[in-house]
Amino acid sequence: MNPVVSSARVWLYAAFPLFAYVLSWYYNGQLIPLLASASVVLLIWGVLVWWPRLRDGLPWPRGFLPVFMLCWFLWLGLTLFWSGSPYSSWFYFWVLGALPLVFLISMGIPEPLAEPLWIWLWRGVLASAWILSGMALWQYYVWMGQGIDLVNLRPYGPLLDTNSYAAWLNLLFFPTLVAYFVQDGRRSVRFLSGRIDPTALFYLVTLTLLLLAFFSTSSRGGFLAWVCTMPFALWGLWRQPAALSRFALIFALTFIALLLMDYAHGFDLIGHLAPSYITSNMTTVSRKFMWIATWHMFLSHPWLGTGIGSYFLNYPAYRLPGELASAGTYAHNDYLEYLAEGGLINLGFLLSFAGVLMYALYRLLYQAGKAVQIHDARRLQALGLVLGVFAITGHALGNFIFYNLPLSLLAGLFLARAWRITNAHGETAPLLPRMGIRHGFFAQALLIIAVVMASWNLVADAATFALLSDNGWLSRVMPNANQRAIFLMKAANWLTLVRPLATQPHVYLANTYLALADRDTQVDIAHRRALVEAALSQYRQSLVGIPQQSGVLNSIGNLYLRQGALLGLDKTRRERKALLAWRQGLAINPESVSLRNQISQLAYVDQGRVEAGVVFLRAGLRRPLFPYSRSNLQMMIAVTQWRAGQRSAATATLLQLLRENPGYPSAISMLQAIRRRAGSKTMVP
């Protein structure tokens, strides 16, 4: 270690990225406190790294990649200003922006710190490889003991998707593979001579665990990414001592892992890549439908897209019939999703990133890396890191990869290290004096303001989730229900002030106001009217951050219908406003059975137009509906027909329902009731 650099400072610089990396594991687009914590830790790390640089006038590293990453990060931030769902986009800004953000912070680390810092970061990465491999093997054998079907016997570790998990293992595999070749190649004796290097053996065992965990996922996309990346590893490592023997060992371990984790239990991973299987398999066919729907989404918003992270909000309106294999959360193709959410410019950044990786591979591989003019061991280290990022970038063609926070964060860390190894351009003269800023204090103050504002919003978002979305812990801390309700009301009021775009506090207050208006029927009309008006205002405010909330529009329609008299609306205007809100909600989510039924009853059935109401309900059956929702809609059609006196039509609808869903209890009960009633009528003289 450089004697000038204290070990405490190295530990401090290493602790922040490793802590953020660990916090990111279980975020999965759901646990907002983990995203907020990881992002705040990264911001503090960024202040720690960039503060002295700003004090020195901001010397900037030369080269294309630092400028590209800065532009990419700024672009993702700018998209928040025209996003159709700014509050949702805010969270995905930190997920997608983790890659360029971590790169920008890492490249600012002082040179004396970079080498000892990487030693500790690499140890943390290797530890995570063991932990993740252990998770996969534990899940695999526990589930196998529970008798889970082989098709579903696919570990996903801390993530919610097994394919993304396979990409994570690929990201760790290739740098470890190169590290093994470099370490084992330093031995002066022949390969397999009986002399063992403990470090090389550790790398080999790590690779074995990663391969076992990787093939336990049975990820076709991950396997294709591995197969397409391995030739570059062969090209780069072929000149190393005893490369043939070492590759023979690696491929033997790969074959054994494939047999043990797939074929020994009847799962044909390679056979599932056959064209005949792909064209008939529901998951791949559904991907085709999803990609077509995503393309239609782009055509509807061709220039700036719908906003990053808004795919799951817009997808229900574009879902095609026949696509019922996905939850519709991601497009399973990051390139198409970038296009739909951010337009051509957004896609251009991701394609440019892929191009940067291809160019980096060319420089590191061409003529054994003579283009970079560095020591071979360091060149190979950079090659391994680039190969890992390259593998997940290719995998992003068939799955959602960069939408996983730990993958984005680790990819930024790996690419920054590879760039530092290969960068020989030095730094520019300090930029701030050239821009007329003579004192770095101004730039430092701007940095602090930006970090404080971002952290303030992130902490508010974490508090919103902890208090209003997942607040089961609060009942243990505050057992008294009245005290808890008062506390949550105050918290929601505070959150609406400090985080106006947050939707949950507004919805919570609106629901509370309506509950008070319904409960306090003895108070004067003016007070109840004020509560209803406040609820309506809160519902509308919640639509500012995320307009595509069909549930909120459903609540607004119900408010107009049930409490519209307090607002001075006559029956016709109440029904008109309710229908308008419900139709807006149904346009956002055509799969909503409850909204379709409410519109049908109010607009048609209650007006005596039963046939028109049934036609409107039946139109919903042409939408892509999951089996449970489809059965519910068919049941609603049958009930509507029965109430209109159409016994034969209701019976036919129920029989069709039971043919599709034989165990639906409500249909069985209603059909029995219809037959009993018909039998009693025939017995009347």
Side-chain angles (χ1 to χ4, degrees), residues 14 17 61-69 99-100 102-126 129 170-186 199 203 206-207 225 228-241 243 246 352-394 407 409-427:
R62 298 180 186 274
F64 167 76
L65 196 54
V67 176
F68 171 78
M69 288 295 185
L99 196 161
V102 169
F103 180 92
L104 290 169
I105 297 173
S106 299
M107 76 175 192
I109 294 173
E111 194 61 39
L113 275 172
E115 292 302 320
L117 172 65
W118 176 251
I119 293 174
W120 285 106
L121 291 178
W122 179 240
R123 290 171 180 173
V125 168
L126 290 175
N170 262 339
L171 181 60
L172 295 166
F173 173 82
F174 286 100
T176 308
L177 174 68
V178 173
Y180 163 69
F181 267 76
V182 171
Q183 182 66 34
D184 205 44
R186 291 171 178 167
T199 305
Y203 282 133
T206 305
L207 288 171
C228 292
T229 308
M230 204 62 186
F232 294 100
L234 284 165
W235 183 1
L237 297 171
W238 193 253
R239 297 171 184 260
Q240 299 304 300
R246 291 190 180 90
S352 299
F353 178 73
V356 165
L357 294 175
M358 291 297 295
Y359 179 69
L361 287 177
Y362 167 76
R363 295 187 71 230
L364 290 167
L365 293 172
Y366 181 66
Q367 291 185 351
K370 291 181 180 179
V372 292
Q373 298 296 318
I374 55 175
H375 189 271
D376 200 49
R378 288 174 61 82
R379 176 185 68 85
L380 290 176
Q381 182 187 113
L383 174 64
L385 296 169
V386 172
L387 285 174
V389 182
F390 177 78
I392 67 170
T393 305
L407 273 71
L409 194 155
L410 199 59
L413 205 61
F414 280 6
L415 200 58
R417 174 61 182 173
W419 173 83
R420 183 178 286 276
I421 291 174
T422 58
N423 179 48
H425 302 294
E427 296 178 341

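This one's a predicted model, so the numbers in the text were calculated from it and none came from an experiment.
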Approximate separation, where rounding is to 0.5 Å, of [X] [atom1] and [Y] [atom2]:
X: Ile109; Y: Leu121; atom1: CD1; atom2: CG; result: 7.0 Å
X: Leu415; Y: Thr393; atom1: CG; atom2: OG1; result: 8.5 Å
X: Leu99; Y: Met69; atom1: CG; atom2: CE; result: 5.0 Å
X: Leu361; Y: Leu387; atom1: CG; atom2: CG; result: 5.5 Å
X: Leu383; Y: Leu364; atom1: CG; atom2: CG; result: 5.5 Å
X: Leu365; Y: Leu380; atom1: CG; atom2: CG; result: 9.5 Å

Can you sort out the partners of [X] under side chain to side chain contact (heavy atoms under 4.5 Å, CB included), two or more places apart, ordered by chain and number?
X: Ala225; result: Asn170, His395
X: Phe68; result: Phe64, Leu65, Trp72, Phe349, Ser352, Phe353
X: Leu234; result: Trp238, Phe247, Phe251

On a heavy-atom basis, which atom in [X] and which in [Y] lie closest, and how many Å separate them?
X: Ala391; Y: Phe174; result: CB-CE1, 4.0 Å
X: Ala418; Y: Ala382; result: CB-O, 3.9 Å
X: Val389; Y: Ala411; result: CG2-O, 3.9 Å
X: Trp419; Y: Arg62; result: CZ2-O, 4.0 Å
X: Pro241; Y: Gly185; result: CG-O, 4.0 Å
X: Leu172; Y: Ala129; result: CD1-CA, 3.9 Å

Please enumerate all residues that pass side chain to side chain donor-acceptor pair (under 3.5 Å) together with [X], with sequence neighbours excluded.
X: Arg378; answer: Glu115
X: Gln183; answer: Arg186, Asp197
X: Thr176; answer: none

Looking only at atom types and distance, does a side-chain atom of Arg420 sit under 3.5 Å from a main-chain N or O of Ser106, one as donor and one as acceptor? yes
Of all residues at least two apart in sequence or in a different chain, which pass the ring pair (Phe, Tyr, Trp, His ring centres under 6.0 Å) check with Phe232? Phe390
Is the Phe414 ring parallel, tilted or perpendicular to the Trp118 ring (thresholds 30°, 60°)? perpendicular
For Tyr203, which of Val178, Val182, Asp184, Leu126 qualifies under side chain to side chain contact (heavy atoms under 4.5 Å, CB included)? Leu126
Given side-chain hydrogen bond (donor to acceptor under 3.5 Å, both in side chains), test Gln240 with Asp376 step by step and report yes or no. CA-CA 10 Å; Gln240 299 304 300; Asp376 200 49; 3.1 Å; yes
